[in-house]
Novice: 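Structure in structure tokens, see below.
Below, chain A is the first sequence line, B the second, and so on; all start at residue 1. The basis for the numbers below is simple: all heavy atoms, side chains too, and nothing from hydrogens, waters or symmetry mates.
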Protein chains: 2
Amino acid sequence: MLANPIQKEKIDPRVKRTRTLIRHAFDELLAETSFKSITIQSITQRAEINRATFYAHFPDKFVLLQDTIQRAFQQELEKRTLSACHYSDDNLLALIITVCEFIAQSDQHCKTIDSEFDMLVETQVKNQIRVLLEHWLSLTGSEIAPGIAATATAWAIYGLAIYWKHNRSAAKPSAEQFAQQVFPLITANLKMVQPI
Amino acid sequence: MLANPIQKEKIDPRVKRTRTLIRHAFDELLAETSFKSITIQSITQRAEINRATFYAHFPDKFVLLQDTIQRAFQQELEKRTLSACHYSDDNLLALIITVCEFIAQSDQHCKTIDSEFDMLVETQVKNQIRVLLEHWLSLTGSEIAPGIAATATAWAIYGLAIYWKHNRSAAKPSAEQFAQQVFPLITANLKMVQPI
DNA sequence: CCCCCTTTGTTGTTTATCCGACAAATGACC
DNA sequence: GGTCATTTGTCGGATAAACAACAAAGGGGG
């Protein structure tokens, strides 16, 4: 079930195929209808796989959504080579921009008016931000627990990104502009554990 | 092996998937390299299936090519609704045009300088033309064996199409013009069994 | 409320695909 | 010609996926 965090071993082509089919069908459906109205049946039907096979890979559609978000956000991070780098002001700025644009793009791609869906996305993305920040902080060897700072910062970044998405119709700052504007606020969270 | 001529029964999604993967990989390779240099290994590798699985569907790459040609030509016929209709002058004219354009297009699509390949295409297409003509003739209830006339006509049509492909650089007649030009010759073959 | 229909997980069995291995055939190069 | 590497068919055992069936849980509409 759900390959290891680091999938180094060769994977059976059959499971690779099946998972790709499931994910592709799910992506299509997300663009067409709301998450709430997507059924396991509709996914497996679209993917042209047996319904029982779905359960061999995902326990339910919620985990599938988590997995989808996870991969999509990870891809955005890797596109900007943020997933495996150290901390720097530029990288933090890029991270903020990434979150803003990811939220904007997923909002535009998905046909969903569904608070449950939004909640799942939020939880998943915040968690990934936290993990990344924790990784950055752990490399600095700070004496204060990185978990605290990473959590606070992750929440702050996501909250600001949401704020930007809702209010951009008024002032219309670009993601870059907004990120630079809020940058001091964010670094404040990290300064506690990140001496100059 | 190779579904029945009329595949009415439900087909296992797995075999449908596998065959699609094989055909798609083969199409790609045909566009990239010569038929001669395509190996079973390269096909299964591209298709991301096991090599042994290939043999569960096709005995060798020659049969796969036959199948590919068969389907491609059949699709061209259906595009012009010729595959399941009766004989008429218009339909015969359309058939000639179809053959010309099919040869031209396959020549342009495939990176092959291979007489063996050309021979297989020729055999397969001529045979399909013959079958279609035989079907048309059988519907007329003529007393003369349709096999003779259909065979002769099929060879004539294919030969003329090849002639057109080689010589079109000189006079440059369109397939339609050429078809109308040779139409009397072709009907001459059929007139024996097709009283006015 | 009950009824009807759909969806959901789950199970046992069958089937297609994977995988490694093998000998034989082929082809390139010396 | 001989050697070496690659490809080819083919096999037996392992595993993923298909399939049919089931009880249980929603989810409207009368």
Novice: Could you spell out the base pairing of DNA chain C in dot-bracket, with Watson-Crick or G-U pairs whose two distances are under 3.5 Å, [ ] crossing and | to another strand?
Specialist: ||||||||||||||||||||||||||||||

Novice: Between R46(B) and E28(B), does any NZ, NE, NH1 or NH2 come within less than 4.0 Å of an OD or OE carboxylate oxygen?
Specialist: yes

Novice: At a heavy-atom distance below 4.0 Å, what parts of residues 28-44 of chain B sit against DNA chain C?
Specialist: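 Contacting residues: none.
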
Novice: Pair up each side-chain donor or acceptor in residues 89-97 of chain A with any protein partner under 3.5 Å, not counting sequence neighbours, and list the distances.
Specialist:
residue : atom : partner : partner atom : Å
D89(A)  : OD1  : Y87(A)  : OH           : 3.1
N91(A)  : ND2  : H86(A)  : O            : 2.9
N91(A)  : ND2  : S88(A)  : OG           : 3.3

Novice: Do E76(B) and R71(B) meet the salt-bridge criterion of a basic N to acidic O distance under 4.0 Å?
Specialist: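 Result for this pair is no, no salt bridge flagged.
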
Novice: Atom OH of Y55(B) to atom C1' of dG20(C): distance rounded to whole Å?
Specialist: 16 Å

Novice: Let me know the distance between CZ of F62(A) and C1' of dT7(C), rounded to the nearest Å.
Specialist: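 After rounding, the gap between these two atoms is 13 Å.
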
Novice: Look at R23(B) together with D67(B) and state whether they make a salt bridge at an N to O cut-off of under 4.0 Å.
Specialist: yes

Novice: Between K79(A) and E101(A), is the closest basic N to carboxylate O distance under 4.0 Å?
Specialist: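 Salt bridge absent between E101(A) and K79(A).
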
Novice: Rounded off to whole Å, could you give me the CD-to-C1' distance for the Q45(B) and dT7(D) pair?
Specialist: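 So the CD-C1' distance, Q45(B) to dT7(D), works out to 12 Å.
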
Novice: What is the distance from CZ of F58(A) to P of dT10(C), rounded to the nearest Å?
Specialist: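 After rounding, the gap between these two atoms is 16 Å.
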
Novice: Counting only N and O atoms by type, is there a donor-acceptor contact under 3.5 Å from the side chain of Q177(B) to the main-chain atoms of S174(B)?
Specialist: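 Judged by distance alone, yes, a pair lies under 3.5 Å.
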
Novice: Between protein and nucleotides 14-26 of chain D, map the contacts as a letter string: B base, S sugar-phosphate only, - none, heavy atoms under 4.0 Å, written 5' to 3'.
Specialist: -BBBSB-B-----

Novice: Send over the distance from F54(B) CZ to dT7(D) P, rounded to a whole Å.
Specialist: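 Roughly 15 Å, once rounded to whole Å.
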
Novice: Using the ring-ring contact (aromatic ring centres under 6.0 Å, His included) criterion, which residues pair with F35(A)? Sequence neighbours excluded.
Specialist: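 F35(A) satisfies ring-ring contact (aromatic ring centres under 6.0 Å, His included) with F62(A), F117(A) only.
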
Novice: Ignoring hydrogens and angles, tell me if any N or O in the side chain of W164(A) forms a donor-acceptor pair with the backbone of P173(A) under 3.5 Å.
Specialist: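 Yes, because the side chain of W164(A) sits within donor-acceptor range (under 3.5 Å) of the backbone of P173(A).
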
Novice: Between side-chain atoms of residues 151-162 of chain A and protein atoms elsewhere (two or more places apart, or another chain), which donor-acceptor pairs fall under 3.5 Å?
Specialist:
residue : atom : partner : partner atom : Å
T151(A) : OG1  : G147(A) : O            : 2.7
T153(A) : OG1  : A149(A) : O            : 2.6

Novice: Check for a donor-acceptor pair, side chain of D27(B) on one end and backbone N or O of L30(B) on the other, with a separation under 3.5 Å.
Specialist: no

Novice: Does a side-chain N-to-carboxylate-O contact under 4.0 Å join R17(A) and D12(A)?
Specialist: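 Salt bridge absent between R17(A) and D12(A).
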
